[in-house]
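The figures here come from the full heavy-atom set of this structure, side chains too, leaving out hydrogens, waters and symmetry mates. Labels below follow one simple rule: chain letters A, B, ... track the order of the sequence lines, proteins then strands, and each chain is numbered from 1.
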2 protein chains.
Amino acid sequence: MLVVDDEPALARALAINLRAHGWEVVTAADGRGALDAAATTHPDVVLLDLGLPDLDGTEVISGLRGWTTVPIVVLSARQHGEDKVEALDLGADDYVTKPFAMNELMARLRAAVRRAQEAAPTAALVQVGDLAIDLARKRVAKAGVDVRLTPTEWAFLELLARNLGRLVPREQVLREVWGPAYLHETHYLRVYAAQLRRKLEDDPSAPRHLLTSSGLGYTLEP
Amino acid sequence: MLVVDDEPALARALAINLRAHGWEVVTAADGRGALDAAATTHPDVVLLDLGLPDLDGTEVISGLRGWTTVPIVVLSARQHGEDKVEALDLGADDYVTKPFAMNELMARLRAAVRRAQEAAPTAALVQVGDLAIDLARKRVAKAGVDVRLTPTEWAFLELLARNLGRLVPREQVLREVWGPAYLHETHYLRVYAAQLRRKLEDDPSAPRHLLTSSGLGYTLEP
DNA sequence: CCAGAGCGTCAAGGAACCGTCAGGACCGTC
DNA sequence: GACGGTCCTGACGGTTCCTTGACGCTCTGG
C-alpha cells in the first residue's frame, strides 16, 4: 500500500490506521516521489490525495497507468469537482471525498484490491500431469497434496506455467525472477530447477515436465 | 537494450544506470546509427530520445517498425506535445517525459519487455513437408516427433524459416547466427547445414528442403 | 586431364553448460 | 540468543555443444 499525501499530519494518521489494520504502508509526499515509490516497491494498492505540490494528481494517475494496473483510490477535498470524472477516466478505481469515515475508506481499499485480483486475466489454474498450479492462490499441488515452495521457487515455476509449453529463455527467467542485475548468474537456474524437480517430479533425475534446453532455457511441458 | 540519445552526457548517464541494473547496453548517437545497431544487435528493448541530429525520431520509429516488433520506449522533453500521440501511433510502446525518475524509467522498461513477451503467443508455425517448425516454442518436429536441436542449429533453422522459400545470403546467416565477427567462417555453414540435414531430411545426402545455392547462400524450400 | 574453389562429411578436443550436494550467510520469529 | 527457513555460493563430475582440422566429392575453366 502506497499512501500519497502532502499533509504530514494526515499522512501519519492514515499510515497509523492502515498499519493497525494490517497493511504494509509506504508513504510519499509529492507526485514525483509517488511515481518513484510505486516503481520500487510495487504496492498492491495506491491511496492518492489530489492536490500535490509538484504534479497535478491526474498526472500521477496517468504516470502510474503507463506501466501498471495497480488499483488507485483517490482522496480529495473537492466535493463537487469534475476531478472525480477526470480521475476515474484516467484510470483511478475509486474516489473518496474528505471528510471521510475511516471504516468506509478501509472497505473501499479492500474492495479495490479484491476487484484487482478477480480481474486478473490469468487462467488461474494450470494442470500439468499430476501437478495443479494455482496461479491466483500461488499454490501448487502434486497428486492432490499441497507442495510447499519458497518465494523464489514459486516465481520460477509461475513464470514457466504462464508460458506453458513454451521455451522460456534463460535471460528472461533471470530477469523476471531475480531482476535484470542477475542476467549472468546462470548457476541460480540450475540450483532452483533442481529444487523444483526434487519437489515436483516423480523422478527428479529424469524430469518429464520441467525440461532443460541446453544453452537456451527451460520449458514446462504439459 | 539499445539507448539512442544525441547528448553524450545523458547517454552515458543512462548507460551507467542501466548497466548497474543489469542491462546489457548498446548506445547510438543518431538515427542512422540506431537503425544500424538495432539490425546488428537485436536488442530486446529500445530507449529512444526524440530530437536527433539526422533523422526525426518518428522516422526512427517507423524505420524500426518496418521489420521488428521490439518494444520502443520514447524519451522526450516536450511535455505537452502531440509528439506523444504521434509516437504512440507510429508504434512506440511507452512514452516518458523529461525530467523523469530513474526508478520509473526502469519500471517502464521492465513492463515494456514483459508486455512484449506476453503478446508473443502468436502461433508462429511454419510447415515444411513433414517438418513443423514452431517459432514461438523454439521447437521443430519431424512427422510428429520432436527433434532436439542445439542453440546454434536452432538459430540457423529459425533464420531460414523466417525467410521461407527465399534465399538467405551466406553473410546474413553468419552475421545473425554467429555475429558480425564471423563473416568469413563459411566452414561453419557447411558443418551446421549438414547437421540440420542429418536431423531433418529423409535423405541427408539428397536434401529436399534445406537447399544450398553454391557461393550464394541457403534456402528453406516448402 | 588437371588445378582450384566450394561443398559435404566425419571425428576429436576443449570449452561451455548442466545437475547435484552441501556449507555458510542472512533474516525474521520465538 | 537459539532456531528454522531461505537464499547464495563453491566444488565436482558428467554431459552437451562449438570449433577446428582433415579428407573426398563435384563442378568449372584452362
Side-chain angles (χ1 to χ4, degrees), chain A residues 19 22 24 138 140 146-158 160 167-174 176-179 181-219 221, chain B residues 22 138 140 146-160 167-171 173-179 181-219:
Chain A
R19 291 207 178 92
E24 290 181 7
K138 296 193 183 299
V140 56
D146 263 30
V147 178
R148 285 185 48 88
L149 295 186
T150 72
T152 307
E153 287 164 3
W154 172 257
F156 196 162
L157 181 64
E158 179 181 19
L160 295 181
L167 191 151
V168 185
R170 301 187 301 179
E171 306 83 44
Q172 187 185 346
V173 178
L174 288 165
E176 301 211 7
V177 175
W178 284 272
Y182 293 77
L183 269 188
H184 303 289
E185 302 288 345
T186 60
H187 194 166
Y188 293 6
L189 298 174
R190 298 196 286 281
V191 172
Y192 278 88
Q195 287 181 2
L196 282 173
R197 290 193 181 116
R198 187 146 16 101
K199 292 184 176 180
L200 302 177
E201 293 275 1
D202 289 325
D203 181 355
S205 61
R208 300 181 52 216
H209 301 305
L210 207 175
L211 307 183
T212 303
S213 300
S214 182
L216 293 173
Y218 291 85
T219 308
E221 186 66 28
Chain B
K138 295 192 187 300
V140 55
D146 264 30
V147 177
R148 287 180 49 90
L149 295 187
T150 74
T152 307
E153 286 164 3
W154 172 258
F156 196 163
L157 180 64
E158 180 181 21
L159 178 59
L160 295 182
L167 189 149
V168 184
R170 302 190 300 181
E171 303 80 39
V173 178
L174 288 166
R175 178 153 26 87
E176 301 211 6
V177 175
W178 282 273
Y182 293 75
L183 272 188
H184 304 291
E185 302 286 347
T186 59
H187 192 168
Y188 290 5
L189 297 175
R190 296 197 287 280
V191 172
Y192 278 89
Q195 286 181 2
L196 282 174
R197 289 191 182 117
R198 184 143 25 96
K199 291 184 177 181
L200 301 178
E201 294 276 1
D202 288 325
D203 181 356
S205 61
R208 300 180 52 216
H209 301 304
L210 206 174
L211 307 183
T212 302
S213 299
S214 186
L216 296 174
Y218 292 84
T219 309

Set of side chain to side chain donor-acceptor pair (under 3.5 Å) partners for A:Trp154, sequence neighbours left out
A:Glu158
Taking salt bridge (charged side-chain N to carboxylate O under 4.0 Å, His left out) as the test, write out the residues that go with A:Glu171, two or more places apart.
none
Using a 4.0 Å heavy-atom cut-off, write out nucleotides 5-12 of chain D from 5' to 3' as B (base contacted by protein), S (sugar-phosphate only) or - (no contact).
-SSSBBB-
Every protein N/O lying under 3.5 Å from an N/O of nucleotides 24-30 of chain D:
none

Test side chain to side chain contact (heavy atoms under 4.5 Å, CB included) applied to B:Leu167 - qualifying residues, sequence neighbours left out:
B:Ser213, B:Leu216, B:Thr219
Taking side chain to side chain donor-acceptor pair (under 3.5 Å) as the definition, give me every residue that meets it alongside A:Ser205, ordered by chain and number, with sequence neighbours left out.
A:Asp203
Who are the salt bridge (charged side-chain N to carboxylate O under 4.0 Å, His left out) partners of A:Glu201, not counting sequence neighbours?
none
Please name all residues satisfying side chain to side chain donor-acceptor pair (under 3.5 Å) with B:Asp202, sequence neighbours left out, ordered by chain then number.
B:Lys142
Overall bend - the helix from C:dC1-D:dG30 to C:dC30-D:dG1, comparing terminal axes fitted on five pairs, nearest 10 degrees:
30°
Determine which pairs satisfy side-chain hydrogen bond (donor to acceptor under 3.5 Å, both in side chains) with at least one residue from residues 185-198 of chain A, sequence neighbours left out, and list them in order.
A:Arg197-A:Thr212
For DNA chain C, which residues in residues 204-214 of chain B have a heavy atom at a distance below 4.0 Å?
B:Pro204, B:Ser205, B:Thr212, B:Ser214
Not counting sequence neighbours, which residues clear salt bridge (charged side-chain N to carboxylate O under 4.0 Å, His left out) with B:Glu153? List them please.
B:Lys199
